[in-house]
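Have a look at the structure below, then the notes.
First the proteins, then the strands, lettered A, B, ... as listed; each starts at 1.
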Protein chains: 2
Amino acid sequence: MSEAKRRYTIKDIAEQSAVSLSTVSLVLNGNTRISAATRDRVHATMKRLGYQPNRMARALAWKHTRTLAVVMPQLRHAFADVYFGEIISGIYDKASKLGFKVLLEIARAEFIESREYIRLYDQKYIDGMLFIGANNKHKFIADFADKTRPFLLVNSYSKQHDVNYVVSNYKYGAWQAAQHLLRLGHQRVGFIGGGLNEIQTSQDICESFNEVIQPRLTVDGWLTEEGGMKAAAEIVTADPSITAIFALNDKMALGAIRKLTEMGRRVPADLAVVGFDDIPQASYSIPSLTTVHQPLYEIGKQSCERLIELIHKKVERVQEVLPIYLTVRESCGAKRPAPQAA
Amino acid sequence: MSEAKRRYTIKDIAEQSAVSLSTVSLVLNGNTRISAATRDRVHATMKRLGYQPNRMARALAWKHTRTLAVVMPQLRHAFADVYFGEIISGIYDKASKLGFKVLLEIARAEFIESREYIRLYDQKYIDGMLFIGANNKHKFIADFADKTRPFLLVNSYSKQHDVNYVVSNYKYGAWQAAQHLLRLGHQRVGFIGGGLNEIQTSQDICESFNEVIQPRLTVDGWLTEEGGMKAAAEIVTADPSITAIFALNDKMALGAIRKLTEMGRRVPADLAVVGFDDIPQASYSIPSLTTVHQPLYEIGKQSCERLIELIHKKVERVQEVLPIYLTVRESCGAKRPAPQAA
DNA sequence: CTGAAAGCGCTTACAG
DNA sequence: CTGAAAGCGCTTACAG
């Protein structure tokens, strides 16, 4: 009381405004049945005293907290990826706008084993949860299939478990990329994959691409730039007749370009390269990268908005697929004179 | 009650264990004055009912929340940097271990202007705050100079405002790098800077380096790889006699290596390059990068631990400087035959 | 249009 | 070793 300067409470405001606790609470919550006069009076004294309502008390009375958790996978350097950054940025902005706070969680072993992902709800710590970067190995997702707790997969989805999601149209994106390559006259193409066994959306890209062009060779590039370099070298060495390489993400595509350049192959003159994601580097690499653009920030925003609708029971389930489009730049050679038919 | 399956409360546990509310609360908090027998009985029924204490209620009674905010600067693609990822990882792990939750905030204009950074405390939402990536422009830091609220700068510090911090020894790191170059016989070196006007630690590196070697040329590389490329080109063009380049961070150093290689200069045979930070790419670039290693994960852990001490009033202020060391790899040429004296 | 009272689910002196 | 009671700071029917 003496040292730790006591914070004002609703009671102080009531006294100093000469109204009851209820009235203060009512104006705090913007209830319109309070007269403008007393409303203003109360606001004035709140301002004068610098009053801030105690969120824990409100949460307790409200039975909800207005905070949601965003959980990221346990990836070393996971944050090092624009991918997560953009999505989280979108989530944060939308959450802030809607008055929600964002709790950060990492899906480490302990988080899963202790069922912390459920306890957060049960302890009334969060109202909902967003999970970025899900893959087949995240079995705990099954616990959300009953739709009992607001939960949503961000830019991924599950075939095994019926849970909510917002995902971009990977299949259509891959289809566009393949069609583009085909139109450019490429028949012999190498495919650099990654996460094909764990990640549903990777599988989707692969499947969809295959429907348009059957790759001569599919090599795993581990989703990294280094992996892309290795894979590219392996592909052109194994089959020198290949005229184009498609990589499942930009990091690998960029690695491929780098490696091919080192090997003396010109991109796109000798080989076309197309990526997926459209990370910032894609536009300022040399040559700039033709790639499928993912609206990551938008995905984050949408996911957050839908989750909050789930929380407010405005919707019961969400299965949303966002549009996605090919961005043609230099690395595919579309802008050079039309290639000879094979 | 019927549809929304009611969660159990302390009252249910008390009834089903045939004890009072106080007793349940006491065992919940591990109070030792409860007999082992009743303790076990209570535990059993908690387990049987899957009871989880309501965190908001506890926070309200406790008057603290066991959650801390980590705020990141408003950088486009901020998360795209391992820098932040590693630090946050360290913070998260330590926080979890100590029973704290992590709230994520981004220092956008609105966050500052609405004084949300203060409201979070006043609303009793958080117990403390960690700020990563502070620079001179973050004037709001001044509001923490009175040490009234637990607050700590992570891997940065301020000369203008007296606030708590945990920072790595940038000066000593830069000193080591310069000494190393000097020992290798380099007298004519180019310096690639970044944030020299805004970031205190950048200034420190610059100053400290200058005390050992006076660079022939200092060029701003904007802390990015592209900037590093430009800067490197500018340096070697302006002064062809330069034998080494030091960059304030690895991204720029890596960009420099790339550019120099493109220009036909061999690193380290023709020019030595040294960076700062030791990001993952530093070890697998070609040539691998000699750089000053920053223990980012450790810094995150320490920061979090110190903040929690601040919260518990075990310490009153923290000004901690963590050791840092040069990691010698290929790009400095230390491993080639000793260079001729200039 | 406003207030008194019960309730949200815990914790913590204080008694015994 | 255990319990009754007051309190944490709000919200929300329910009266008037």
Open item on the list: Under 3.5 Å, is there a donor on one side chain and an acceptor on the other for B:Ser89 and A:Arg108?
Closed with: yes
Task: Distance, rounded to the nearest Å, where A:Tyr8 contributes OH and D:dC8 contributes C1' - done: 19 Å
Task: Sugar-phosphate, base or nothing in reach of A:Val19, heavy atoms under 4.0 Å - done: sugar-phosphate
Task: A:Tyr51 vs D:dC10: side-chain N/O to OP1/OP2 distance below 4.0 Å - done: yes
- [ ] Would you please confirm or rule out a distance under 4.0 Å between OP1 or OP2 of C:dG9 and any side-chain N or O of A:Tyr125?
- [x] no
Open item on the list: Whether the B:Ser156 and B:Asn135 side chains hold a donor-acceptor pair (N or O, under 3.5 Å, no angle test) is what I'd like checked.
Closed with: no
TODO: For the side chain of B:Leu60, starting at C-beta, report the closest nucleotide among D:dG9, D:dT2, C:dT2.
DONE: D:dG9
Open item on the list: Just to be sure I understand the rule, does B:Ser22 reach a base, reach only the sugar-phosphate, or reach nothing, if contact means heavy atoms closer than 4.0 Å?
Closed with: base
Open item on the list: From CZ of A:Arg66 over to P of D:dC10, roughly how many Å is that when rounded to an integer?
Closed with: 16 Å
Open item on the list: What is the separation between atom NZ on B:Lys124 and atom P on D:dG9, rounded to the nearest whole Å?
Closed with: 8 Å
Task: Spacing of B:Asn29 atom CG relative to C:dA13 atom C1', expressed in whole Å - done: 14 Å
TODO: May I ask which nucleotide in the shown strands pairs with D:dG3, Watson-Crick or G-U wobble, both distances under 3.5 Å?
DONE: C:dC14
Open item on the list: Please tell me if B:Asn54 has a side-chain N or O lying less than 4.0 Å from either OP1 or OP2 of C:dC8.
Closed with: no
- [ ] May I ask you to check whether A:Tyr8 and A:Gln52 show a side-chain donor-acceptor distance below 3.5 Å?
- [x] no
Open item on the list: Between B:Leu28 and A:Ser20, which residue's closest nucleotide on DNA chain C lies nearer the 5′ terminus?
Closed with: A:Ser20
Task: Length of the line joining A:His64:NE2 and C:dG9:P, which is rounded to integer Å - done: 14 Å
Open item on the list: Side chains of B:Thr23 and B:Ser20: any donor to acceptor distance under 3.5 Å?
Closed with: yes
Task: Spacing of B:Asp40 atom CG relative to D:dC1 atom C1', expressed in whole Å - done: 15 Å
TODO: Determine the minimum heavy-atom distance between B:Phe131 and B:Met72, stating which atoms define it.
DONE: CE1-C, 4.2 Å
TODO: Starting from C1' on D:dA4, measure out to CD1 on B:Ile10 and report it in whole angstrom.
DONE: 14 Å
Task: Separation of atom NZ in B:Lys11 from atom C1' in C:dG9, rounded to whole Å - done: 11 Å
- [ ] Could you tell me whether A:Glu110 and B:Lys97 make a salt bridge, using a distance below 4.0 angstrom between a side-chain N and a carboxylate O?
- [x] no
- [ ] Classify the side chain of A:Arg58 versus the base of C:dG9 as yes if they form a donor-acceptor pair under 3.5 Å and no if they do not.
- [x] no
Open item on the list: Taking only side-chain N and O atoms of B:Ser25, does any of them lie within less than 4.0 angstrom of OP1 or OP2 on C:dT11?
Closed with: yes
Task: Most 5' of B:Ala57 and B:Thr32 on DNA chain D, judged by nearest nucleotide - done: B:Thr32
Task: OP1 or OP2 of C:dG9 under 4.0 Å from side-chain N/O of A:Lys63 - done: yes
Open item on the list: Taking the nucleotide of DNA chain D with the nearest heavy atom to each, does A:Met56 or A:Arg33 sit closer to the 5' end?
Closed with: A:Met56
- [ ] Select one nucleotide: of C:dT2, C:dC10, D:dT2, the one nearest the side-chain heavy atoms of B:Ala61.
- [x] C:dC10
Task: Short side-chain N/O contact to D:dC1 OP1/OP2 from B:Ser35, under 4.0 Å - done: no
